[in-house]
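See below for the structure under consideration.
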Amino acid sequence: MVKLAGGTFIALLQLGVRLSNAAYYADFSNFTGKVVYSSTVCEIEKPVFFVYTQDDALFVVTRGSTDDADFGTDAKFTETVTDFGVFHTGFYNAAVYVYEATKDYINQWNGPVYFVGHSYGASVSQILNVMSYYYNSKVNAYSFAYAPMPAMNLAADDKIQDRLYGIVNDDDIIPTLSIPN
């Protein structure tokens, strides 16, 4: 179960959605926390992302698709097989990029770590959560994925399925594009 920092589960979900939206504009000025790291250069398999802290929690916020480089990553439909699951290649490589840049923040943080994002960012967030567990199972990490595109096989989350939250609108075709997922 999620160990909350500074509020209820619903408040945490609302904060995650607001942070995911703020990532599209790179504007966190309406929040009480602090951006401690940002990467705003967007390339294929290198998404825009932010490391944000608030209420003793660390958030890794990955922006969703907005430009050709993002859509290029979305279109890398091949599979990457790892020791901890099978992943959509574009999202996996993007997650590796974000993880490499944020792993010191993640591993040194004493409180909960939340990976959040919308669409492309949501898919990357789910993989980041799996990677984080695989590389350091002591990290108290969760992901809040808002309208994630299919990113991994069902076995990838077996050990942490109670730490992955996907929020999907039934009318949104994108999260349901892959029948196996």
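For clarity, every value in this text was computed on a predicted model and none was experimentally measured.
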Min side-chain heavy-atom separation [X]-[Y] under 4.5 Å:
X    : Y    : answer
Q54  : T32  : yes
K159 : Y133 : yes
Y37  : Y52  : no
T40  : F49  : no
L19  : F28  : yes

Are the aromatic ring centres of [X] and [Y] under 6.0 angstrom apart?
X    : Y    : result
F91  : Y120 : yes
Y114 : F144 : yes
Y99  : Y135 : yes

Membership question, hydrophobic clusters at under 4.5 Å side-chain separation (ILVMFWY): are V36 and V139 in the same one? yes
Does any N or O in the side chain of [X] come within less than 3.5 Å of the main-chain N or O of [Y], such that one atom is a donor and the other an acceptor?
X    : Y    : value
H88  : D74  : yes
N153 : V86  : yes
N129 : R163 : yes
S125 : G121 : yes
Y142 : Y165 : no
S123 : M149 : yes

Within 6.0 angstrom of D67 CG, more than 12 heavy atoms from elsewhere: yes
For T89 and T80: C-alpha separation, side-chain torsions, deciding distance, then whether side-chain hydrogen bond (donor to acceptor under 3.5 Å, both in side chains) applies. CA-CA 5 Å; T89 296; T80 296; 2.8 Å; yes
Closest heavy-atom contact between A94 and T73? CB-CG2, 4.4 Å
Identify the two heavy atoms, one from S65 and one from Y24, that lie closest to each other, and give their separation to 0.1 Å. O-CE2, 4.0 Å
Classify the side-chain pair Y105/N107 by whether it contains a donor and acceptor separated by less than 3.5 Å. no
Angle class for the Y92/F84 ring planes (parallel below 30°, perpendicular above 60°, tilted otherwise)? tilted
Option from V60, T102, I106 for which side-chain contact (heavy atoms from CB on, under 4.5 Å) with S132 holds: I106
